[in-house]
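Working notes, beginning with the structure itself.
Treat the numbers as computed from the prediction; the structure is a model and nothing was measured.
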Amino acid sequence: MLLSKGYDAGDIVSFKLVNGDEIVAKISDVTSTGWKVSRPCTVLPSPQGMALMQSLFSAELNTDIELKADHVMMHSESAKQVQDYYLTTTTGIQTVSKGSIVA
């Protein structure tokens with residue numbers, strides 16, 4: 001099965017897996033069978049809204065993980081708020097929103 005490119009390295013993408021889990025990860029590469037992703041996080045509900053938890057506790061953090069297309073039902077580039085939250089969760093860096101001019 002051939003996949004269209006769709007995403008570039010560095011894109012943050014949301015995946016809905018066949019087991020019902022939703023993960024957010026940064027694309028490292030697109031392969032003929034799926035995607036190589038880094039730092040996959042599982043989406044969890046929390047009292048404050050959405051939470052992200054590392055998907056593979058025992059994996060080396062800086063190792064790319066292969067996500068096979070056969071295990072994915074849907075995928076889409078993550079919403080801007082999810083991308084910002086993912087970056088904060090995985091790197092500790094707070095993203096800065098555009099300021100507004102206050103009169």
If I take atom [atom1] from residue [X] and atom [atom2] from residue [Y], how far apart are they, to the nearest 0.5 angstrom?
X: T89; Y: Q54; atom1: OG1; atom2: CD; value: 11.5 Å
X: E22; Y: F15; atom1: CD; atom2: CZ; value: 11.0 Å
X: I23; Y: S78; atom1: CD1; atom2: OG; value: 10.0 Å

So if you build clusters from Ile, Leu, Val, Met, Phe, Trp, Tyr with side-chain heavy-atom gaps below 4.5 Å, do [X] and [Y] land together?
X: V24; Y: V72; value: no
X: I27; Y: L17; value: yes
X: Y86; Y: M50; value: yes
X: L52; Y: F57; value: no
X: I12; Y: V37; value: no

Exercise. When you check the side-chain N and O atoms of S55 and T42, is any donor under 3.5 Å from an acceptor?
Worked result: yes
Problem set entry | Atom CD of Q81: over 12 foreign heavy atoms under 6.0 Å | no
For this session: May I ask you to check whether over 12 heavy atoms, not counting those of K36, lie within 6.0 Å of atom NZ?
Result: no
For this session: Of all the heavy-atom pairs spanning H75 and Y7, show the shortest one and how long it is.
Result: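 Nearest heavy atoms, H75 then Y7: ND1-OH, 2.7 Å.
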Exercise. Taking all non-hydrogen atoms of both residues, which atom of N19 and which atom of D21 are closest, and how far apart?
Worked result: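 Scanning both residues completely, I find the closest heavy atoms to be OD1-N, 2.9 Å.
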Show the atom names and distances, to 0.1 Å, of all donor-acceptor pairs under 3.5 Å that link a side chain in residues 58-65 to residues at least two apart or in another chain.
{"from": "N62", "atom 1": "OD1", "to": "R39", "atom 2": "NH2", "distance (Å)": "3.1"}
{"from": "D64", "atom 1": "OD1", "to": "S28", "atom 2": "OG", "distance (Å)": "3.1"}
{"from": "D64", "atom 1": "OD2", "to": "S28", "atom 2": "OG", "distance (Å)": "3.4"}

Exercise. Are any of the side-chain heavy atoms of W35 and V13 separated by less than 4.5 Å?
Worked result: no
Exercise. What pairs with T90 under side chain to side chain donor-acceptor pair (under 3.5 Å), at least two apart in sequence or on another chain?
Worked result: none
